Structure formats: structure tokens, C-alpha cells
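Report on the structure given below.
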Amino acid sequence: MLDGAEALCGIKDVGGITIAQAPDTAGQPDMPESAIASGCIDFILSPEAIAHKIVSIARRDDSGGRSVAAEAP
């Protein structure tokens with residue numbers, strides 16, 4: 001059975017987008033820290049920014065590649 005961090009890499013391997021909560025905004029910072037340490041995270045965001053990013057991704061023009069980089073919370 002895969003742990004969450006390994007599963008994130010699997011998502012990336014098939015072209016998915018991964019988001020981790022910024023550790024300084026998390027009640028259990030070890031969870032997002034583990035995900036981030038996997039090296040398979042596209043965005044590191046606050047909970048509020050996660051919601052906005054999901055909407056942005058859902059609305060994007062899917063005309064080809066995507067530009068994805070870690071963002072500060």
C-alpha cells in the first residue's frame with residue numbers, strides 16, 4: 001500500500017496536478033511536509049489559495065502544456 005507522498009508521485013506520473021497545504025497553516029504540519037519532501041508537489045499554498053488554485057485550474061484553457069510552479073502561501 002502506498003503512503004500519501006508516494007501516491008502524489010503517482011498522480012504526477014500520469015499528468016496530474018498536486019497541491020500541498022503550506023505547513024505553517026496546517027494543524028498537522030508533518031503531513032504536508034512529507035508530501036513536499038516527496039518532490040512531487042506542484043503548488044504549496046494556504047487553504048484559501050488552494051481553493052482559488054483549484055478554480056483557476058478548472059477554468060484554464062486546456063490548449064496544451066501547463067505552467068506550474070510552487071507558490072508561497
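Treat the numbers as computed from the prediction; the structure is a model and nothing was measured. Computation of the quantities below employed the complete heavy-atom set of this structure, encompassing side-chain atoms and omitting hydrogens, waters and symmetry-equivalent molecules.
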- Indicate if Met31 and Leu8 have the same hydrophobic cluster label, given that clusters are the connected sets of ILVMFWY residues with side-chain heavy-atom separations under 4.5 angstrom.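 In one cluster: no.
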How far apart are the closest heavy atoms of [X] and [Y], and which atoms are they?
| X | Y | answer |
| --- | --- | --- |
| Ile44 | Ala22 | CG2-CA, 3.8 Å |
| Gln21 | Pro32 | O-CB, 3.0 Å |
| Ile17 | Arg60 | CD1-NH1, 3.3 Å |

- Item | Sequence-distant partners of Ala37, side chain to side chain contact (heavy atoms under 4.5 Å, CB included), two or more places apart |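 Checked Ala37 against side chain to side chain contact (heavy atoms under 4.5 Å, CB included); zero matches.
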- Can you sort out the partners of Glu48 under side chain to side chain contact (heavy atoms under 4.5 Å, CB included), two or more places apart, ordered by chain and number?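 Glu48: side chain to side chain contact (heavy atoms under 4.5 Å, CB included) contacts with Ser46.
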- Should Lys12 and Asp42 be marked as a side chain to side chain contact (heavy atoms under 4.5 Å, CB included) after you check the CA-CA gap, both sets of side-chain angles, and the distance that decides it? CA-CA 9 Å; Lys12 294 274 304 164; Asp42 292 310; 2.6 Å; yes
- Item | Inter- and intrachain pairs under disulfide bond (SG atoms under 2.5 Å apart), touching residues 16-54, at least two apart |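 Pairs touching residues 16-54 that pass the test: Cys9-Cys40.
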